[in-house]
Amino acid sequence: MTAATEFTRQLGIEHPVIGGAMYPCSNPELVAAVSEAGGIGIIQPMSLTYVHGYDFENGVQHIRSLTNKPVGLNLILETSSKVYMERSRQWAHAAAKLGVKFFVTALGDPREMVELAHRHGIVVYHDVTNLKHAQKAFDAGVDGFICVNNQAGGHAGDMTPQALFDAIAPLGKPVICAGGIGDSHGMQQALSLGYAGVQLGSRFIASDECSAHDDYKAAIVEAKAEDIVLTEKLTGVPVAVIKTPYIESIGTKAGPIARWLLSGRRTKHWMRTLYTVQSVWKLKKASVSGSGYKDYWQAGKSAGRINAIKPVAAIMRELCQ
Ligand SMILES: Cc1cc2nc3c(=O)[nH]c(=O)nc-3n(C[C@H](O)[C@H](O)[C@H](O)COP(=O)(O)O)c2cc1C
């Protein structure tokens with residue numbers, strides 16, 4: 001049984017477990033199931049609207065009809081797109097109105113979102129991979145940090161869980177370990193390092209409630225940690241994916257023209273927008289189609305410790321036993 005931590009007390013939840021936001025895998029039933037089982041599920045707004053077809057407010061209301069326990073919202077502060085930032089503001093305001101209790105911000109400067117959140121009693125944690133970004137978020141007033149390490153699914157960091165804890169914990173806010181945790185052993189290790197909780201992504205894809213394609217779930221169950229590779233082909237920065245024959249055939253490095261455009265002061269925003277639009281479409285297609293399509297199946301090294309597809313409640317029971 002896991003003990004209460006500063007994180008569980010801030011949010012009034014039973015277990016120090018976050019079901020991490022996942023584009024395109026965060027369907028409403030998955031988010032609600034993690035919260036209902038005593039952790040906290042995080043809404044990924046692009047996943048909710050573009051992949052799963054909900055109007056944002058209706059989607060949040062649907063999740064709230066499945067659980068009355070706290071849920072969170074992921075806000076990616078991608079300032080290079082004014083349209084996306086404006087959309088994020090609308091999502092944040094709507095979520096506050098609908099009783100969302102937790103914001104997980106990523107990239108950019110979270111100050112504006114912190115001010116909005118704190119006016120509504122919402123707790124804000126910022127995704128960080130190093131001290132420089134954590135210091136900026138600390139100055140903006142965040143309540144805690146999600147430390148994304150070098151084993152994480154999605155955009156991985158480059159520090160180990162221990163090194164990242166040692167770098168960020170001295171700021172004096174609660175820190176959450178994100179990356180590499182697939183079972184209770186991993187969770188206990190993170191808590192014993194001093195983390196106030198854990199964030200899991202890949203483990204929850206291989207669940208009954210996740211609506212990703214069965215082939216994707218099976219690939220996670222079969223993958224070993226060494227089958228996870230970082231590819232620049234999706235977004236221009238490294239993303240952890242399962243090494244499928246398709247990934248092997250196209251390689252993992254961005255081409256020389258893309259690299260050149262990504263490094264230019266003017267062209268980099270344009271190139272990032274192009275990558276974002278392309279990857280949003282490719283990932284949606286890969287998660288809903290079975291094997292045979294271009295298998296961009298994102299997962300972290302925790303896949304090596306995931307051996308079966310299970311209901312979220314069983315995953316949570318085993319994690320927190
Ligand atoms: C398929 C997938 C999509 C993800 N999408 C997002 C996202 O949209 N926003 C975000 O902040 N993190 C995203 N992440 C990171 C997760 O929230 C979490 O930090 C990470 O999965 C933890 O590593 P693990 O997969 O080893 O458990 C994603 C991860 C995966 C596997």
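Remember, it's 1-based here, ligands and their atoms both numbered in the order they're listed.
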For the atom pair [atom1] ([X]) and [atom2] ([Y]), what is the distance rounded to the nearest 0.5 Å?
X	Y	atom1	atom2	value
Glu57	Leu48	CD	CG	11.0 Å
Glu209	Ile309	CD	CD1	12.0 Å
Leu164	Asn150	CG	CG	8.5 Å

Open item on the list: Looking at ligand 1, is there an atom of it that comes within less than 4.0 Å of some heavy atom belonging to Gln199?
Closed with: yes

Open item on the list: Any heavy atom of Asn74 closer to ligand 1 than 4.0 angstrom?
Closed with: yes

Determine, considering heavy atoms only, which of [options] sits nearest to [atom].
atom	options	value
atom 3 (C) of ligand 1	Tyr216, Phe204, Tyr23	Tyr23
atom 16 (C) of ligand 1	Ala21, Ser26, Cys177, Gly154	Ala21
atom 25 (O) of ligand 1	Ser302, Gly201, Ala106, Ser202	Ser202

Looking at [atom], what's its closest protein heavy atom, distance included?
atom	answer
atom 15 (C) of ligand 1	Gly153 O, 3.6 Å
atom 11 (O) of ligand 1	Asp127 OD2, 3.2 Å
atom 22 (C) of ligand 1	Gly179 N, 3.7 Å
atom 4 (C) of ligand 1	Met22 CA, 3.4 Å
atom 8 (O) of ligand 1	Gln44 NE2, 2.9 Å

Tell me which donor-acceptor pairs under 3.5 Å the side chains of residues 31-43 have, and how far apart each pair is, sequence neighbours excluded?
residue: Ser35; atom: OG; partner: Gly41; partner atom: N; Å: 2.9
residue: Ser35; atom: OG; partner: Pro70; partner atom: O; Å: 2.8
residue: Glu36; atom: OE1; partner: Thr67; partner atom: OG1; Å: 2.6

Task: Ala299-ligand 1 polar pair, N/O distance under 3.5 Å - done: no

Open item on the list: Evaluate Asp143 against His118 for side-chain hydrogen bond (donor to acceptor under 3.5 Å, both in side chains), listing each step before the verdict.
Closed with: CA-CA 10 Å; Asp143 304 295; His118 287 174; 2.9 Å; yes

Open item on the list: Can you tell me how the ring of Trp91 sits relative to the ring of Tyr84, calling it parallel under 30°, perpendicular over 60° and tilted otherwise?
Closed with: perpendicular

Open item on the list: Does the plane of the ring in Tyr195 sit parallel, tilted or perpendicular to the ring in Phe165? Use 30° and 60° as the thresholds.
Closed with: perpendicular

[X] heavy atoms, cut-off 4.0 Å: which ligand 1 atoms fall inside?
X	result
Ala178	19 (O)
Gly20	17 (O)
Leu200	27 (O)
Gly180	26 (O)

- [ ] Considering only NZ, NE, NH1 and NH2 on the basic side and carboxylate oxygens on the acidic side, decide whether Arg305 and Asp183 come within less than 4.0 Å.
- [x] yes

TODO: Any pair with a residue in residues 145-161 that passes salt bridge (Lys or Arg N to Asp or Glu O under 4.0 Å), sequence neighbours left out, goes on the list, sorted by first then second residue, please.
DONE: none

Open item on the list: Would you say Tyr125 and Gln10 are linked by a side-chain donor-acceptor pair, where the criterion is simply a distance under 3.5 Å?
Closed with: yes

